[in-house]
Amino acid sequence: MRVLGVDPGSAATGWAVVERRGRRLHLTASGVIRSGKGKRSERLARLAGALQDVIETFLPEAAAVETPFFGRYPKSALQLAETRGAILAVLGGAGIPVSDYSPAQVKMTVVGFGGAEKGQVVYMVRRLLGLEDDPPTDAADAMAVALAYIQTAPFRAVADHLDPR
């Protein structure tokens, strides 16, 4: 199973391709897409193009996208929603099934505690994937999202069987 994990951000979007090979987990590739400067539409187009390149290069079977937490700032929430929309459009256009995970779901699945700190998530990502060094934060978050998908796959299969909508 090869999964693309995506951590949306208005300035930096983390991505990671994680594979399960039998019982082993393997990080195939990861990175951070920086949308740069310019008009919002141009920045979203650059994000979409870069994500399309990742998909064409690594051919994921499924994708997991973190649902951003929206706080008090409507402008930030709107920018994250636009970013997420561009990501979902690319994934949908590529025919890749997408699952959504809240930050608390990702932390619960990877660390065992939905209120885990960033450092705890990075530590568990390193342990689960056998990494020597800490990855960049945005990429680590994307790895955690992909791991959440892989680790919950058996439960989704049971749920799909019980409720085949």
Side-chain angles (χ1 to χ4, degrees), residues 1-33 47 50-51 54-55 57-71 76-77 79-81 83-92 94-165:
M1 170 186 303
R2 182 179 298 158
V3 178
L4 171 62
V6 183
D7 177 40
S10 55
T13 294
W15 64 271
V17 177
V18 177
E19 291 184 65
R20 169 168 247 147
R21 298 175 185 162
R23 294 181 53 125
R24 305 197 115 223
L25 296 168
H26 173 74
L27 176 65
T28 302
S30 67
V32 178
I33 300 168
L47 167 65
L51 189 59
V54 168
I55 291 167
T57 301
F58 299 105
L59 304 171
E61 300 167 51
V65 180
E66 188 170 77
T67 303
F69 170 77
F70 295 115
S76 295
Q79 288 178 343
L80 279 173
T83 298
R84 189 168 149 68
I87 291 165
L88 294 175
V90 170
L91 294 168
I96 299 171
V98 178
S99 293
D100 299 308
Y101 293 87
S102 71
Q105 287 173 310
V106 172
K107 292 173 184 178
M108 177 62 81
T109 304
V110 174
V111 178
F113 173 59
E117 300 291 327
K118 284 259 189 211
Q120 293 171 301
V121 173
V122 171
Y123 174 80
M124 286 306 297
V125 163
R126 276 186 65 187
R127 295 285 305 211
L128 291 168
L129 294 173
L131 305 177
E132 292 183 20
D133 298 314
D134 286 350
T137 303
D138 293 311
D141 289 345
M143 292 173 205
V145 175
L147 288 167
Y149 180 95
I150 290 170
Q151 292 178 345
T152 59
F155 303 109
R156 270 192 320 284
V158 169
D160 290 346
H161 178 70
L162 295 175
D163 185 15
R165 287 187 235 166

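Worth knowing before you read on, the calculation uses all heavy atoms, side chains too, and leaves out hydrogens, waters and symmetry mates. We number each residue from 1, following the sequence as shown. Everything numeric here is computed off the predicted structure, so don't read it as measured data.
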All heavy atoms of L47 vs all of A86, minimum pair found to be CD2-CB, 4.4 Å
Under a 4.5 Å cut-off applied to non-hydrogen side-chain atoms, are K118 and D141 in contact? yes
Interatomic distance, D7 atom CG to I87 atom CD1 [nearest 0.5 angstrom]: 8.5 Å
Checking R21 now: which residues fulfil salt bridge (charged side-chain N to carboxylate O under 4.0 Å, His left out) with it, not counting sequence neighbours? E19
Distance-only, no hydrogens or angles: does the R2 side chain make a donor-acceptor pair with backbone N or O of F58 under 3.5 Å? yes
Distance col, row M124:CE vs L129:CG, nearest 0.5 angstrom, shows 10.0 Å
For V145 and A64, which heavy atoms make the closest approach, and how far apart are they? CG1-O, 3.3 Å
Below 4.5 Å, heavy atoms only, C-beta onward: do M143 and L131 meet side chain to side chain? yes
Do L91 and L4 come within less than 4.5 Å of each other through their side chains, counting heavy atoms only? yes
Q105 side, atom CD; T67 side, atom OG1 - distance, nearest 0.5 Å: 7.5 Å
Please find the pair of heavy atoms, one from P60 and one from V3, that lie closest to each other, and give the distance. CB-C, 4.4 Å
Determine the minimum heavy-atom distance between A142 and A16, stating which atoms define it. CB-N, 3.7 Å
Check step by step if side chain to side chain contact (heavy atoms under 4.5 Å, CB included) holds for T13 and V6. CA-CA 7 Å; T13 294; V6 183; 3.7 Å; yes
Are the side chains of T152 and Y101 in contact, using a 4.5 Å heavy-atom criterion? yes
How close do A116 and V111 get, counting heavy atoms only, and between which atoms? CB-CG1, 3.8 Å
Looking at V32 and A139, what are the two nearest heavy atoms and their distance? CG2-N, 4.0 Å
Could you pull out all residues at least two apart from T57 that satisfy side-chain hydrogen bond (donor to acceptor under 3.5 Å, both in side chains)? none
Please round to the nearest 0.5 Å and tell me the distance separating atom CH2 of W15 and atom CG of L51. 9.5 Å
Non-hydrogen side-chain atoms of R126 and P135 separated by less than 4.5 Å: yes
Quick one: does V90's side chain get under 4.5 Å of I96's, heavy atoms only? no
Enter the distance from L59:CG to T28:OG1 here, rounded to the nearest 0.5 Å. 11.0 Å
Answer whether the closest heavy-atom distance between the side chains of L147 and T109 falls below 4.5 Å. no
